[in-house]
Amino acid sequence: MPRKSRPEKITAGLTDAQREAVCYGEGPLLVVAGAGSGKTRVITHRIAYLLEQGVLADGVIAVTFTNKAADEMRRRVEALVGEEVHVSTFHSFCARLLRREIFRLGRDPSFTIYDRADSVRVIRRIVKDLELDTSTFAPGTIMAYIGVRKDRVEGAEECRKTALGVVDRTFAEVYGRYEEKLTESNALDFDDLLLKTLELFSLCPEVLQQRQERYLHVLVDEYQDTNLPQHLIARALQGKHRNITAVGDPDQMIYSWRGARMENLMEFEEDFPGTHVVTLERNYRSSGNILRTASACIRNNVFRRPKELRTERDDGAAIVVARFADSYAEGQWVAEQAGELVEDGLSLTDIAVFYRTKLQSAPVEEAFGLLALPHQVVDSVGFYDRREVKDLRAYLQLLVNPRDNESLLRIINTPRRGIGNRTVAKLQAAAEARRQSLLEAVRDAQQLEGLSSRAQGALAGFLKLYRELSELDAGKVAALVKQVLKRTQYVERHPPDQQADVQEVVDVFLGIVRQYDRRHPEGGLMGFLEQAALVSDVDGWNAQASAVPFMTLHSAKGLEFDAVFIVGLEEGVLPHRRALEDNVYGSEDPALEEERRLFYVGMTRARHRLFITHARKRTVRGREEEALPSRFLDELPEEGVERLPGEEPAGAGGSAGGFAREMEYVLKRKRVSLRILEGAGDRLAKGVRVSHPHYGEGEIIESSSLGTRHVIRVNFIEHGTVTLLLPAEDVGPA
DNA sequence: TAAACCGTTGTTTTT
DNA sequence: CAACGGTTTA
C-alpha cells in the first residue's frame, strides 16, 4: 500500500530528547516527561513514526486517560499520517474486548456497566437483607472497601480467607454477595471491566495470544495514574512483541484514591528488563515565573525523585496571589480579571478556572453571570447523575439487558404507576425463590398469591409497556428515548412546578443522544449506553464553544491554557480536609503530598498568567466558616509572585507559621475525648497508653501543653502516628 | 399506595 | 444545606 512518506514532517521541530523517544526502535521504552515537556506530542509523533516505518495501524494500541484525550490523539495521528489508529481508555478498551469475548466466561455480551451509585444501591440492599448495622456497615464504606480490594486484584473468596475479625469477615461476606448480585443482573462495575479482562486472559490463553500477536506496539499515557489491574493488562498485551511505551510524570500522580500506583512508573525498569529511559526536563509551556513557582512547591514532597524542569521562556508576568473576604468576592475578582484578559485580546477559551471540589464552582459561576461572561462548567458526570437521566438510561438499559434488576427497580414505579414497596418486595421474593430475574417475575406475576388486583393490573401495564418498547426498531437511539418519554408520560407526570426543569434536563439528554446517533450511525443502543457509562467530566467539554471552562484540578490534567485561575487555596479545601485527617504534621504524609501534586498540576497548566486566590470565609454546608490560607501558599517563592493587598507574605510577623496554623486546624477538627489506659504521674506523658474512639489504642510518643490544652502525638496501633490537640477536660481515666 | 413530614447524616477527586 | 431513609397519615 503506497503511503505518503513524510518523515520530515514527523520529526521536524522535535528536540533531541523528544526525537530520541519518538524514533526509539524495539523494546520497552519509558518516557519520564515533566509538565509541559511535550509528552502528548511525543506519543502522537511516535505512533506516526511507527506507522511510517511500516507498522500497520491495526497493530498499534494506545491508551489515554480520558475519551477526549483519545479522540484528540487519534485526530492528531490522522493529521500526521492519514491513518486511524486505535486509541481508547483502559475501560473502554476492556468493555469492547469483553463484548466480543466474555461469552467464553459464560457471561452474556449485553452486560450492563454499573456506576458507583448503582453499586452502592446494590450494597445498600444487601446490607438491609443481612440486617447489618448501617453505621458500621455503611454502603459507601463497603463500596470503598470493595474498590480497594478490586484495585489489588483480590476476589471476594480471597478476602474471606484472609479476613481478620468479625467486621472484616462481614465486609468480605458483603463483597461476595455483591458479586453474586452483579452476576445475576449480568452487570459489571468499572473495576470489573479491568478484572474480567484479566480473568479472560488467564482462563482463555487463546484470546490473549491473539491480542499479543496483533499488538506490535502498546503505548500508555499518564502511566503514573495506572492502577495494578491496568498495569497487568498493559503488561499482558505487550507480552509477545515486548514493545511497550509508557509515558508519565510521578509529580502528577493524583489518583491514588482510585488505586493509582506511582510504582508502576517508578519500578517500570524492573518490571520490563531492558527498558530504555528518556527523560524530558525541558518545559515549553510555562513562563519562567510560573515554572519556578510550581517547582518550588512540588520540591516540598519527600516521596519524590528530584527533577528540575527548565524553561526557555521569559520570566513573564508575576504570579498573582490574592485574598478576599469570602468566596463571592473571590469569584467576582476572578470574573473581573478574566474580563480584562479578554479585553486585552485573550479569547475565552484561552482562560480556565480550576478548583478542588465541584461545590466551589457556584460562586464563580454567579460572578461570571453577573458580568455576562460566557463560561461552562465541565461536569458531564454530574449531568449523567441527574435523576432524570438515570431514569431514562435505566429504561434503555433494561431493553438491552432484561436481567438488569437494578435498572428495573429504578423504573418499575417511575413515573408512579401503582407498584409500591410491598408489591416490589413480593416480586423480589418470588424472583429469588424461582431463581428468576425481576422482569421474569413481573411476567409471571399473575401466579403470585397475595397481590391485589390493582397491583396485578399495574404490573400487567408495566409489562405491556416493556414489550411495546422492546418491539420498537432500535435503529436510532433518539427515537427510542422519545417513545419512552411519550409512553410513560415522563415529563407530564411530574408536578407542574417541576416540569420545566425536568424538560430542560430531558432536552439536553436528547441532544446528547442525537449527537451520538449522528456520529455513530451503527453504534446502536448498547454502544450509546456504554459510552454514557464511561464518560469522564472533560469528555463533555466543548473546547470549541466560546466560553471560559470551569473544572476540577483532576479534570485539568493534560490540558493547558494561556491564563489559569486556581481558587480556594485554603486549609481544608486545598489541601482538602480529608487529606489532613490522619496526619497533620510535616510533609511525610502521602495524602498531603497528593494534594500538593494536585496544586502542582493546576499551576503547570498555565502558559503565561497564573492567578491564585483564597477567601477568609467559606460557606461549608450552609455555614460560614473561617478559612485559613493554604499551607501551600507559604511554599511559593517571593520572587516572581505578587501578593495583592490583604494578602500577607509568607511568614510575615512570625505568626502565620505552619505550626500555629496546624494547631488551629487541629483545634477545630480534632477535639475529641481520649481515655488513658495505663501509666502514672503526668496524665499525658510520653509512654502512656491511651484509647481513642476513632483511632483505637496507641501510645503517646510526644507531649506538650499549650495553655490549658495538650498537644500530643500518639502512635496508634492501627492508624499510625496522629497528632491530637485536646483540652484537659476531654481526657478521662480508664 | 403515595404524599408529607421529620430526623439523620455526610461532606473530594472520577474511569 | 442537601439528600436520603424511615415513619406517619390521608
Side-chain angles (χ1 to χ4, degrees), chain A residues 63-70 88-95 113-117 119-121 124-125 127-128 134-135 138-141 144 147 150-151 188-194 222 225-227 229-230 253-260 354-360 362 378-382 384-385 387 413-424 451-452 454-455 457-458 493 495 530-540 551-557 568 572-581 591 594-595 597-599 601-602 619-625 669:
Chain A
V63 180
T64 57
F65 206 70
T66 64
N67 298 298
K68 190 173 197 68
S88 68
T89 64
F90 271 109
H91 286 84
S92 38
F93 170 80
C94 291
I113 300 169
Y114 279 1
D115 63 21
R116 205 181 130 276
S119 297
V120 169
R121 277 161 62 104
R124 179 165 293 134
R125 227 169 306 111
V127 170
K128 232 185 231 170
T134 47
S135 61
T141 311
K150 287 193 171 184
D151 284 340
L188 301 181
D189 65 22
F190 288 134
D191 296 324
D192 286 340
L193 293 172
L194 308 172
E222 309 282 12
D225 276 318
T226 54
N227 63 16
Q230 291 169 334
M253 200 281 275
I254 54 175
Y255 281 97
S256 67
W257 48 275
R258 221 169 68 186
F354 302 153
Y355 35 76
R356 174 68 237 264
T357 70
K358 287 178 179 176
L359 288 94
Q360 294 169 252
V378 175
D379 181 18
S380 341
V381 174
Y384 280 92
D385 274 343
R387 206 190 72 247
N413 202 31
T414 308
R416 300 268 137 90
R417 48 173 73 90
I419 304 174
N421 293 339
R422 286 182 57 78
T423 308
V424 171
L451 277 185
S452 67
R454 216 168 107 197
R493 308 231 358 221
E530 181 168 306
Q531 190 195 254
L534 299 178
V535 282
S536 70
D537 276 336
V538 280
D539 293 341
M551 65 184 85
T552 63
L553 287 161
H554 282 90
S555 292
K557 190 177 68 166
V573 178
L574 183 63
H576 194 271
R577 47 174 62 78
R578 290 291 272 245
L580 295 173
E581 264 165 13
E594 182 148 321
E595 297 291 307
R597 287 193 293 270
L598 210 40
F599 184 36
V601 165
T619 323
V620 189
R621 62 176 179 214
R623 230 188 175 74
E624 254 199 357
E625 281 188 13
R669 302 274 160 209

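Across A:Gly602 and A:Phe354, no two heavy atoms sit closer than the pair O-CE1, 3.7 Å.
At whole-Å resolution of the value, CG in A:Asp225 and P in B:dT14 are 12 Å apart. What separates CZ of A:Arg577 from P of B:dT13 is a distance of 12 Å, to the nearest Å. B:dT14 atom P lies 12 Å from atom CG of A:Asp539, rounded to whole Å. Rounded to whole Å, atom C1' of B:dT14 lies 10 Å from atom NE2 of A:His91. In this structure, A:Tyr255 atom OH and B:dT14 atom C1' are separated by 6 Å, rounded to whole Å. Rounded to an integer number of Å, the gap from A:Phe65 CZ to B:dT13 P is 15 Å. One interatomic measurement links the two molecules: CG of A:Asn413 to C1' of B:dA2, which rounds to 9 Å at whole-angstrom precision.
In this structure, A:Asp539 has no salt bridge (charged side-chain N to carboxylate O under 4.0 Å, His left out) partners at least two apart in sequence or on a different chain. For A:Glu595, the side-chain hydrogen bond (donor to acceptor under 3.5 Å, both in side chains) partners at least two apart in sequence or on another chain are A:Arg356. In this structure A:Asp191 satisfies the salt bridge (charged side-chain N to carboxylate O under 4.0 Å, His left out) test with no other residue, sequence neighbours excluded. Judged as a ring pair (Phe, Tyr, Trp, His ring centres under 6.0 Å), and not counting sequence neighbours, the contacts of A:Tyr255 are A:Phe65, A:Trp257, A:His554.
Per the stacking criterion (ring centres < 5.5 Å, plane angle < 30°), A:Trp257 stacks onto the base of B:dT13. Aromatic stacking is marked for A:His576 over B:dT12, as both cut-offs hold: 5.5 Å for the centres and 30° for the planes.
Distance from the side chain of A:Arg422 is smallest to B:dT1 among B:dT14, B:dA3, B:dT1. Nearest to the side-chain atoms of A:Asp537 among the listed nucleotides B:dT13, B:dT14, B:dA3 stands B:dT14. If you check B:dT1, B:dT12, B:dT13 against the side chain of A:Arg578, the one that comes closest is B:dT12. The side chain of A:Arg356 lies closest to B:dT12 when the candidates are B:dT1, B:dT14, B:dT12.
Contacts between chain A and DNA chain C, taken as any atom within less than 4.0 angstrom of a protein heavy atom, begin and end at C:dC1 to C:dG6.
Look at A:Ser555 and you won't find any side-chain N or O under 4.0 angstrom from OP1 or OP2 of B:dT13. Proximity of A:Asn421 to the phosphate of B:dA2: no side-chain N or O atom is located under 4.0 Å from OP1 or OP2.
With contacts defined as side-chain heavy-atom distances shorter than 4.5 Å, the pair A:Gln230/A:Val63 does not qualify.
Residue order along DNA chain B, read from the 5' end via each residue's closest nucleotide, puts A:Ala455 first among A:Ala455 and A:Thr357. Closest-nucleotide positions on DNA chain B for A:Arg454 and A:Glu595 were compared, and the one nearer the 5' end corresponds to A:Arg454.
With a cut-off of 3.5 Å on both pairing distances, the Watson-Crick and G-U wobble pairs of DNA chain B assemble into stems of 3 or more at B:1-10 with C:1-10.
Within the 4.0 angstrom heavy-atom criterion, no nucleotide atom of any strand lies near A:Lys557. Using a 4.0 Å heavy-atom cutoff across all strands shown, A:Val535 reaches sugar-phosphate atoms only and no base atom.
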